[in-house]
Structure formats: structure tokens, C-alpha cells
Amino acid sequence: MSLNVKTILVSYLEIDIKNHKDEFWEELSWFAREEGKLVAQMGRNDGDLETDGNVQLRSTGTIVYEGEAEVDEELCRRIAAQLAEMGDKLEREMRIKPEVVNGIVDAMLNHTLNEEYLAATVQSLVQTAPPGVEQELMSVAIALILTKKAVTNVPSLLHNICCTTTHFIERNYRACLERLARQR
């Protein structure tokens with residue numbers, strides 16, 4: 001079993017944005033199931049055909065993405081919860097300016113949001129963050145905060161922003177998340 005950055009991001013958003021518009025939840029649900037990559041969620045075929053002709057899925061607490069190992073969803077949720085807690089603390093201490101979030105939204109609207117843009121924005125904020133937190137972990141938390149703030153402002157951009165964030169974290173901070181997973 002392994003962790004999955006997309007699952008962590010979705011769990012983070014579910015934790016951190018409890019009372020939001022239906023549009024947000026529809027977009028998040030669509031992103032979580034995106035394009036057939038999700039083979040089975042929270043279930044495993046028990047082989048029994050139901051009377052309605054459907055095969056019942058039993059809860060296993062794992063997610064399987066096409067071409068990947070099983071994902072430990074509970075581990076991903078715990079990591080997301082830890083990052084949400086850290087993010088809340090960072091948000092209180094840093095007070096990320098709305099202009100920064102608007103810059104992310106504008107870049108997405110202008111089709112210029114990419115991993116490099118996100119990396120530069122995250123690094124500029126890491127420089128202003130309070131000391132005492134591992135820089136890589138802080139970078140992940142800041143990327144998640146920016147994503148949350150951007151998608152709450154414009155839910156219709158959720159899919160694109162979340163894809164960019166997922167790729168950014170996967171490429172740059174996977175080892176950091178794996179260290180977190182080993183500590184759990």
C-alpha cells in the first residue's frame with residue numbers, strides 16, 4: 001500500500017472546506033473520480049451479483065488508481081489532517097495576502113499557471129513564514145493553502161488548479177510526504 005498525492009489533496013480540501021457551495025463539492029467529486037483513472041474507490045468486488053444486476057463493492061479503505069499500487073486512504077487522510085492543522089497555523093501567522101491568491105486565479109484564467117509559477121509563489125511565501133517548520137513540509141502546506149484559497153474563490157477552476165498542485169507536489173515533495181507517512 002502507498003500514498004497518493006491526489007488523495008491527500010482531496011482529503012485536505014474535504015477537511016478544510018466543510019461549509020461550501022454545492023458547486024465546489026461537485027467539482028471536487030469530479031476531480032476525485034477524474035477521467036477513469038480511479039479504478040475502485042473504497043471497495044472491492046466480492047464477486048456476488050446483486051438482484052439489480054450490479055456487483056456490490058465492499059469497503060476496504062483503499063483506492064486503486066490505474067497503473068498504481070493500492071493507496072492507503074486512511075494514511076492519506078491522516079497526512080491531510082496533519083497538513084490542514086499545519087496550514088491553519090501558518091495561515092494565522094502568515095496572513096497570505098488576497099493579491100497572492102488572485103495571482104494564482106488570474107494565472108489559471110490566463111492559462112499561465114504551471115508548476116514553475118506555483119513553485120515561485122510558494123517559495124516567496126516560504127521566505128516570509130515563521131521559523132521552526134521543515135522547509136519542504138512548509139512548502140507542501142503553503143501549496144495546499146494556496147490551492148484551497150484559489151478554489152474557494154473560483155470553484156470552476158478546481159480541476160485545473162488541483163492538477164497543477166498535484167503534479168507540483170508529486171515532483172518536488174513526494175519524499176517529504178513519504179517521510180511523513182513513515183512517522184505516522
Side-chain angles (χ1 to χ4, degrees), residues 3-32 34 75-181 183-184:
L3 58 91
N4 179 279
V5 174
K6 180 178 176 178
T7 305
I8 292 170
L9 175 58
V10 169
S11 295
Y12 175 89
L13 292 173
E14 287 173 343
I15 290 167
D16 228 34
I17 307 174
K18 292 175 183 76
N19 300 320
H20 213 276
K21 299 181 239 173
D22 288 341
E23 180 186 6
F24 170 81
W25 292 107
E26 289 171 24
E27 292 290 332
L28 185 60
S29 176
W30 183 74
F31 175 71
E34 149 186 70
L75 174 63
C76 291
R77 278 197 201 115
R78 287 193 313 262
I79 290 171
Q82 185 176 352
L83 289 167
E85 186 178 312
M86 177 186 292
D88 289 346
K89 183 179 179 198
L90 284 172
E91 277 189 270
R92 283 191 304 274
E93 294 176 6
M94 291 177 57
R95 307 216 190 283
I96 296 173
K97 292 183 171 52
E99 301 85 52
V100 175
V101 177
N102 292 339
I104 298 267
V105 170
D106 289 343
M108 182 54 69
L109 289 170
N110 295 323
H111 305 288
T112 57
L113 181 65
N114 56 32
E115 291 177 51
E116 292 77 25
Y117 184 96
L118 185 58
T121 305
V122 166
Q123 286 310 308
S124 71
L125 291 170
V126 165
Q127 303 307 318
T128 66
V133 179
E134 177 190 342
Q135 195 163 1
E136 285 186 332
L137 195 53
M138 191 180 317
S139 296
V140 172
I142 290 171
L144 294 174
I145 291 167
L146 290 172
T147 300
K148 173 190 71 172
K149 288 180 172 288
V151 301
T152 55
N153 287 353
V154 187
S156 63
L157 296 178
L158 185 142
H159 183 266
N160 292 334
I161 293 172
C162 286
C163 282
T164 301
T165 302
T166 299
H167 292 139
F168 169 72
I169 293 171
E170 180 70 43
R171 289 185 194 180
N172 298 291
Y173 300 106
R174 174 110 188 153
C176 174
L177 293 176
E178 288 172 353
R179 279 194 307 278
L180 258 183
Q183 293 172 2
R184 304 299 287 132

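Val5 is not listed as a side-chain neighbour of Cys76, based on a closest heavy-atom distance of 4.5 Å or more. Side chains of Thr147 and Phe168 form no contact here, defined as non-hydrogen atoms less than 4.5 Å apart. Side-chain contact check for Val140 versus Leu180: every heavy-atom pair is 4.5 Å or farther apart. Under the 4.5 Å side-chain criterion, counting only non-hydrogen atoms from C-beta, Leu177 is in contact with Leu3. Side chains of Asp88 and Ile145 form no contact here, defined as non-hydrogen atoms less than 4.5 Å apart. At least one side-chain heavy atom of Leu9 sits under 4.5 Å from a side-chain heavy atom of Leu144.
Taken to the nearest 0.5 Å, the SG atom of Cys162 stands 9.5 Å off from the NZ atom of Lys6. In this structure, CD in Glu93 is found 11.0 Å from OG1 in Thr128, a value given to the nearest 0.5 Å. Atom CD1 of Ile169 and atom OG1 of Thr164 lie 11.0 Å apart (nearest 0.5 Å). How far OG of Ser11 is from CG of Asn4: 9.5 Å, rounded to the nearest 0.5 Å. Atoms NZ and CG, from Lys148 and Leu158 in turn, are 13.5 Å apart once rounded to the nearest 0.5 Å. Taken from CG in Leu157 to CE in Met108, the straight-line distance is 6.5 Å, to the nearest 0.5 Å.
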Report, one line per pair, each donor and acceptor closer than 3.5 Å where one atom sits in a side chain of residues 94-107; sequence neighbours left out.
from, atom 1, to, atom 2, distance (Å)
Arg95, NH1, Arg92, O, 3.3
Asn102, ND2, Pro98, O, 3.3

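Nearest approach of Phe31 to Thr166, heavy atoms of both residues: CZ-OG1, 3.9 Å. Closest of all the heavy-atom pairs between Glu136 and Cys176 is OE1-CB, 3.8 Å.
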Practice item. Run the numbers on Val154 and Ile161 for side-chain contact (heavy atoms from CB on, under 4.5 Å), then give the verdict. Key: CA-CA 10 Å; Val154 187; Ile161 293 172; over 6 Å; no

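Judged as a side-chain hydrogen bond (donor to acceptor under 3.5 Å, both in side chains), and not counting sequence neighbours, the contacts of Arg174 are Glu170, Glu178.
In the displayed structure, Gln135 atom CD is contacted under 6.0 Å by at most 12 heavy atoms of other residues, nucleotides or ligands.
Of the residues Leu146, Thr165, Asn172, the one that meets the side-chain contact (heavy atoms from CB on, under 4.5 Å) test with Val122 is Leu146.
Applying the salt bridge (Lys or Arg N to Asp or Glu O under 4.0 Å) rule to pairs touching residues 149-167 yields Glu91-Lys149, sequence neighbours excluded.
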